Number of protein chains: 2
Amino acid sequence: MSGDAGPLVRKLESIVELAPEEREGLRTLPLTIRDLRPQQDIVHEGDRPTQSCLVLEGFALRYKLVGGHRRQILAFHIPGEIPDLQSLHLKTMDHSLATLTAARIGFIQHRALHDLMARHPRLTGVFWRETLIDAAIFREWMVGLGRRRAPARIAHFFCEMFVRLDAIGLAKDRVIRLPVTQEELGDALGLSAVHTNRSLQELRSQNLFTFEGGRLVINDWEGLKRAADFDPLYLHQGSGGDAP
Amino acid sequence: MSGDAGPLVRKLESIVELAPEEREGLRTLPLTIRDLRPQQDIVHEGDRPTQSCLVLEGFALRYKLVGGHRRQILAFHIPGEIPDLQSLHLKTMDHSLATLTAARIGFIQHRALHDLMARHPRLTGVFWRETLIDAAIFREWMVGLGRRRAPARIAHFFCEMFVRLDAIGLAKDRVIRLPVTQEELGDALGLSAVHTNRSLQELRSQNLFTFEGGRLVINDWEGLKRAADFDPLYLHQGSGGDAP
DNA sequence: TCGCGGACATAACATAGGTTATTTCGGGGT
DNA sequence: ACCCCGAAATAACCTATGTTATGTCCGCGA
């Protein structure tokens with residue numbers, strides 16, 4: 001089954017301009033599409049994949065297990081992103097990739113990506129840059145994990161997801177879909193589920209946002225940014241990517 | 001002033017084989033060399049550099065400040081590495097780069113790197129890969145910061161530095177130079193200096209290593225790996241990069 | 001309609017880790 | 001030989017966060 005890489009083009013164009021033939025090359029990338037269920041593993045630590053995954057709809061996440069049961073979520077991925085683009089140059093997966101929600105995923109053979117970049121050398125830089133932004137987000141998360149207290153970590157995460165989803169047109173007014181349980185939130189932010197809940201209560205009392213039923217509504221963007229100590233520079237979205 | 005990029009070649013060849021003309025291209029990269037003192041800033045968050053830095057001798061580190069005084073160290077860099085290679089595609093620095101020790105640094109214009117990669121397309125993949133390994137290390141640190149307790153975090157850091165330095169021939173028998181104060185260690189691992197000291201004591205009582213005067217001596221590699229829950233896969237050093 | 005399970009909430013308690021302060025040690029300069 | 005100063009060590013105390021346990025709410029399937 002083959003399909004349309006539209007979300008990828010939209011994502012890349014949210015940062016750089018593409019030439020028509022580059023856009024065409026991206027759109028006609030040979031994709032194998034699969035609809036996956038929530039919480040389903042896609043690639044596992046230790047695998048040696050020959051293809052990369054493009055998120056077309058829904059959310060994906062990357063994680064690593066430690067000591068068998070403790071989980072650290074490393075990243076959340078939104079439509080248009082290629083979570084394991086790195087496997088293009090790192091043969092063995094050092095972490096796992098899974099769906100968060102039900103999701104439509106497009107699989108692209110590495111060969112197809114290499115061919116595309118050979119035909120359009122400028123796209124090499126564009127993809128490389130995507131992996132560098134990925135790394136920039138890791139760095140910011142490191143700062144949170146190492147040096148921010150729980151409430152600020154949560155607030156920061158909310159800011160980040162809002163800006164990223166807004167950039168690809170998935171924020172409606174001040175609302176985003178953010179179907180993350182408190183346990184998943186804790187696994188991403190290095191917190192226990194209980195403490196995640198506590199910190200969420202604390203934040204709630206400040207009326208900065210509403211977070212329920214997998215929806216995040218921003219009530220006070222400036223206040224939330226302040227609580228989070230959030231500066232969107234690290235997302236490298238040209239404009240400054242601020243908004244609501 | 002111009003100089004020799006030998007350490008870069010050695011570093012890259014610790015992972016991939018290079019063709020003679022690629023090696024030659026790397027070695028003749030136009031370098032401006034400067035000798036810097038310890039703890040000296042090289043590039044600062046917000047800068048828009050037109051060059052990248054190659055560590056020739058000594059150690060460098062990347063860090064981010066939060067709330068003005070709290071510091072999170074993001075990475076340590078050893079000879080042959082290019083800590084801010086990412087600035088090739090991300091125009092604005094989202095963190096700062098500084099020396100840890102006295103260091104000899106080679107500055108390379110982005111233009112020179114782009115030219116080199118245009119002449120030797122395979123080198124693009126090699127450099128890209130370096131930035132991907134960088135990101136893999138960030139991920140592993142995230143796991144430590146989020147899910148490992150202080151002693152394991154320290155042990156893990158020691159394992160990592162040993163393996164990395166060993167790969168470029170800077171481990172002598174079971175000894176590496178690791179000129180990091182306890183405060184710097186804490187800033188890297190998300191700990192206070194006091195707790196870093198406490199955890200170090202705890203580890204010391206297990207006789208896994210000796211760490212003093214900026215030297216780390218491994219007494220029990222298997223035991224240290226166990227305490228750290230260390231698996232070198234994430235360093236992507238082909239062989240497995242294990243040793244002592 | 002009932003009953004079940006997942007997500008959320010809350011309470012009581014345990015502990016890893018942070019803070020502040022003081023002391024010791026050791027090397028480099030005068 | 002003496003002084004200084006940065007790094008390390010240690011102690012007392014505080015707090016953020018983890019753990020275990022239990023209860024509530026609500027949507028969904030039988």
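Chain letters run A, B, ... following the sequence lines, proteins first, then strands; residues in each count from 1. In this text the structure is predicted, and so the values were computed from the model without any measurement.
Looking only at distances, a side-chain donor or acceptor of A:T101 sits under 3.5 Å from a matching main-chain atom of A:F59. Of the possible polar contacts, none joining the B:R34 side chain to the B:I105 backbone as a donor-acceptor pair under 3.5 Å is found. Using a distance-only test at 3.5 Å, with no hydrogens or angles considered, no donor-acceptor pair links the side chain of B:Q72 to the main chain of B:Y63.
As a whole-Å value, the separation of A:H195 NE2 from D:dT19 C1' is 13 Å. Taking atom CG of B:L145 as the reference point, atom P of C:dG18 lies 11 Å away to the nearest angstrom. D:dA8 atom C1' lies 5 Å from atom CD of B:Q182, rounded to whole Å. Counting to the nearest Å, the P atom of C:dA7 and the CZ atom of A:R198 are 20 Å from each other. Counting to the nearest Å, the P atom of D:dT19 and the CG atom of A:L191 are 11 Å from each other. Atom pair B:I154:CD1 and C:dA16:P shows a separation of 14 Å (rounding to whole Å applied). Between the CD atom of B:Q201 and the C1' atom of C:dG17 there is a distance of 16 Å, rounded to whole Å. With rounding to whole Å, B:N197 atom CG is found 13 Å from C:dG17 atom C1'.
Under a cut-off of 6.0 angstrom, the local environment of CD in A:E45 is crowded, with over 12 non-hydrogen atoms contributed by other residues, nucleotides or ligands. Atom CZ of A:R10 sits in a crowded spot, with more than 12 heavy atoms from other residues, nucleotides or ligands closer than 6.0 Å. Heavy-atom neighbours of B:R204 CZ from other residues, nucleotides or ligands within 6.0 Å: above the threshold of 12.
Contact annotation: B:R147 side-chain N/O to C:dA16 OP1/OP2 distance is not under 4.0 Å. Side-chain N/O atoms of A:R204 include one lying less than 4.0 angstrom from OP1 or OP2 on C:dA9.
Comparing D:dA9, C:dA9, C:dA16 by their nearest atom to the side chain of B:R149 picks out C:dA16.
Among the protein residues, B:G190 comes within range of the sugar-phosphate backbone only, with heavy atoms under 4.0 Å from sugar or phosphate atoms but none that close to a base. Nucleic acid contact for A:S192: base, since at least one base atom lies under 4.0 Å from a heavy atom of the residue. Within the nucleic acid shown, A:A150 comes within 4.0 Å of sugar-phosphate atoms alone, with no base atom in reach, counting heavy atoms only. Using a 4.0 Å heavy-atom distance criterion, A:G214 is classed as making no nucleic acid contact.
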Discussion item. Could you write out DNA chain C as dot-bracket? Rules: Watson-Crick or G-U wobble, both distances under 3.5 Å, brackets [ ] for crossings, | for pairs with another strand, dot for unpaired.
Written reply: ||||||||||||||||||||||||||||||
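Proximity of B:D84 to B:I82: side-chain heavy atoms (C-beta onward) are separated by under 4.5 Å at one or more points.
Take the nearest nucleotide of DNA chain C for B:V194 and for B:R148: the residue whose nucleotide is more 5' is B:R148.
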